[in-house]
Colleague: 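Pasting a structure below so you can have a look.
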Amino acid sequence: MKIDKSENLFAEAQKITPGGVNSPVRAFRGVGGVPRFIERGEGAYLYDVDGNKYVDYVLSWGPLIHGHAHPQIVDALHQQAKKGTSFGAPTELETQLAQRIARLMPAVEMVRFVSSGTEAVMSVIRLARAYTKRNKIIKFSGCYHGHADMLLVQAGSGVATLGLPDSPGVSPLTTADTLTAPYNNLAAVEQLLNENSGEVAAILIEPVAGNMGMVLPEPGFLEGLRLLANKNGTLLIFDEVMTGFRVSLGGAQQHFNVVPDLTCLGKVIGGGLPAAAYGGRRDIMREVAPSGAVYQAGTLSGNPLAMVAGITTLDLLSATGVHEKLTDTAEQVVAALKEAAAAASIDVQVSSVGSMWGFFLNSSPVRSYEEAKTSNTKLFSEIFHRLLEHGVYIAPSQFEAGFVSTVHTSETLSLTKSAFQRAFSGV
Ligand code: PLP
């Protein structure tokens, strides 16, 4: 495969940008080799600067649920751009998107837009602390909630890929109130709540973990967290930045029928533009400035381009049968992967829920980050590169999830199937 242009661009980029990228996992450090520089995307396909074409299962790390350059989203952006790209004053679009979110996720009674998932989670923690008048939070090892200092404790994703236990520059005082439990371990959460009785503001969780590879909550786990939160006067926060509108139209909270107090959203709600949000119970959200005292602001928050992309994305997604098709597509992807691995006698654990999927090169089931780390990352790197060679682009790390879009068709599936077979059979 010819990648000369990517090689040259990567060399240039490294002279001017740390590691040559603007978000660490993009650099392929977890798998080695040269990241592909992208020229354009169309539907389910990515085209790199050397003219190579890939079926894309990264989809900008989740947002592109309708694939690249969807004509209706592009058209909505054109129309809005002609009217102006940012006003720093309210628009009707913000209310329209907020109303759609509240309709799809009834637990989100009020919404505040921000520009990134990091900002959404950072702000929701401030709100939870203010509302409960408590300081501590419980998170789960391997869950990533953006790069705010207090949450860079046993965070998955890029931090896991790079093998950093934490990040230099995060002061110990900032993380002193962050308690960590293993995913899917209710007893550990209960113990933390008992040891810190009356002090825990919130339990923060990815209701389906997608930043340690994809890990599903075991039956009863999310329900158990809800009960523990109720018992301890602690808020339950679902970080649905990745799972929102992906795991089901109403997010993981609808799929598992567990109602959080507060929810963080991102990725899909911006339709590929920078938008994120936090929302939830009206009595809590009212505490946010200017209706309340909890300060939070943003120059580009509720940006009109991001709002029209989000509105169009959710409207397309809400059409009858769309989510069922997404679920079916993801199921077919993991079935094909399982079949290819079995034919090559390679141990693999696969899962999918809604339009999210994942696999671990592991002979045992993976229920936590501690178990995810026992996966064969060396073999993953080999398979990753073989998949690229055969035209399939998955995340360059064993510790990331995969995604499908509404424009992944039977053609993309058959290309994928044959790439899986060729990638696995050769290792
Ligand atoms: N929360 C979760 C669950 C995420 O997956 C991510 C990003 O991948 C974030 C928060 C941070 O979002 P952003 O990268 O937009 O800051």
Side-chain angles (χ1 to χ4, degrees), residues 21-26 30 57-65 105 112-126 128 137 139-162 167 178 183 202-217 222 236-247 251-253 255 260 262-280 296 298 300-303 306 309-310 313 353-358 369 372 395-397 399-403:
V21 291
N22 286 299
S23 197
V25 187
R26 295 181 196 169
Y57 288 105
V58 180
L59 296 169
S60 190
W61 302 89
L64 303 180
I65 203 156
M105 279 185 185
R112 167 57 63 83
F113 288 111
V114 292
S115 297
S116 71
T118 295
E119 235 188 310
V121 188
M122 192 180 82
S123 312
V124 92
I125 297 289
R126 183 180 305 144
I137 51 168
K139 78 176 281 291
F140 295 85
S141 48
C143 281
Y144 177 67
H145 302 288
H147 64 88
D149 279 4
M150 74 236 170
L151 296 169
L152 278 182
V153 183
Q154 303 209 28
S157 195
V159 186
T161 307
L162 297 174
S167 171
T178 309
Y183 202 81
I203 300 170
L204 169 68
I205 188 159
E206 289 181 71
V208 173
N211 286 291
M212 51 174 119
M214 183 180 139
V215 176
L216 286 164
L222 297 175
L236 180 62
I237 307 176
F238 278 1
D239 178 351
E240 295 229 40
V241 166
M242 188 183 284
T243 55
F245 314 105
R246 266 208 173 274
V247 160
Q253 50 197 268
H255 184 84
L262 294 164
T263 299
C264 297
L265 297 167
K267 299 193 191 268
V268 168
I269 61 162
L273 275 86
Y278 61 103
Q296 182 270 307
L300 291 176
S301 294
N303 174 265
T313 295
V353 58
S355 59
M356 218 173 134
W357 62 277
Y369 182 42
S397 164
F399 305 111
E400 300 288 351
F403 305 103

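Just so you know, ligand 1 is whichever comes first in the structure, and atom 1 is the first atom listed for that ligand.
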Colleague: If we only consider heavy atoms of Lys267, is any one of them less than 4.0 Å away from an atom in ligand 1?
Modeller: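 Contact present.
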
Colleague: Can you list the ligand 1 atoms lying under 4.0 Å from a non-hydrogen atom of Gly146?
Modeller: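 Under 4.0 Å from Gly146, ligand 1 has these atoms: 9 (C), 10 (C), 11 (C).
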
Colleague: Please tell me if the side chains of Phe245 and Lys267 come closer than 4.5 Å, counting only heavy atoms from C-beta onward.
Modeller: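 No - every pair of side-chain heavy atoms lies 4.5 Å or more apart.
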
Colleague: Using a strict cut-off of 4.0 Å, indicate which atoms of ligand 1 neighbour a heavy atom of Ser116.
Modeller: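 The atoms of ligand 1 under 4.0 Å from a heavy atom of Ser116 are 15 (O), 16 (O).
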
Colleague: Assess, by modelled atom type and distance only, whether the side chains of Glu400 and Ser397 contain a donor and an acceptor separated by less than 3.5 Å.
Modeller: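 No, because no side-chain N or O of Glu400 sits under 3.5 Å from a partner of the opposite role on Ser397.
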
Colleague: Over all heavy atoms of both residues, which pair between His147 and Thr118 is shortest? Give the atoms and the distance, please.
Modeller: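 Nearest pair, atom of His147 first, then Thr118: N-OG1, 3.3 Å.
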
Colleague: Are any side-chain N or O atoms of Arg246 and backbone N or O atoms of Gly354, one a donor and one an acceptor, separated by less than 3.5 Å?
Modeller: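 No, Arg246 side chain to Gly354 backbone: no donor-acceptor pair under 3.5 Å.
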
Colleague: Keeping Glu206 on the side-chain end and Gly210 on the backbone end, is there a donor-acceptor pair under 3.5 Å?
Modeller: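 Yes: the side chain of Glu206 pairs with the backbone of Gly210.
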
Colleague: Return yes or no for this condition: an N or O of Glu206 is under 3.5 Å from an N or O of ligand 1.
Modeller: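 In fact, backbone or side chain, Glu206 has no N or O that close.
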
Colleague: Among the heavy atoms of Trp61, does any lie under 4.0 Å from an atom of ligand 1?
Modeller: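 No, Trp61 has no heavy atom closer than 4.0 Å to ligand 1.
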
Colleague: For Gly117, is at least one N or O under 3.5 Å away from an N or O on ligand 1?
Modeller: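 Yes, there is a polar N/O contact under 3.5 Å.
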
Colleague: Quick one: which of Val121, Ile205, Thr118 has a heavy atom closest to atom 11 (C) of ligand 1?
Modeller: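 Nearest option to atom 11 (C) of ligand 1, by heavy atoms: Thr118.
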
Colleague: What atoms in ligand 1 come closer than 4.0 Å to a heavy atom of Asp239?
Modeller: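 What qualifies from ligand 1 is 1 (N), 2 (C), 3 (C), 10 (C).
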
Colleague: Where the closest heavy atom to atom 5 (O) of ligand 1 is concerned, which of Val114, Asn211, Val241, Leu204 has it?
Modeller: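 Nearest heavy atom to atom 5 (O) of ligand 1 lies in Asn211.
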
Colleague: When you check the side-chain N and O atoms of Tyr278 and Gln296, is any donor under 3.5 Å from an acceptor?
Modeller: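 A pair is found: one side chain offers a donor N or O, the other an acceptor, under 3.5 Å apart.
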
Colleague: With sequence neighbours left out, write down each residue that passes side chain to side chain donor-acceptor pair (under 3.5 Å) with Thr313, or none if nothing qualifies.
Modeller: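 Side chain to side chain donor-acceptor pair (under 3.5 Å) check on Thr313 returns nothing, list empty.
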
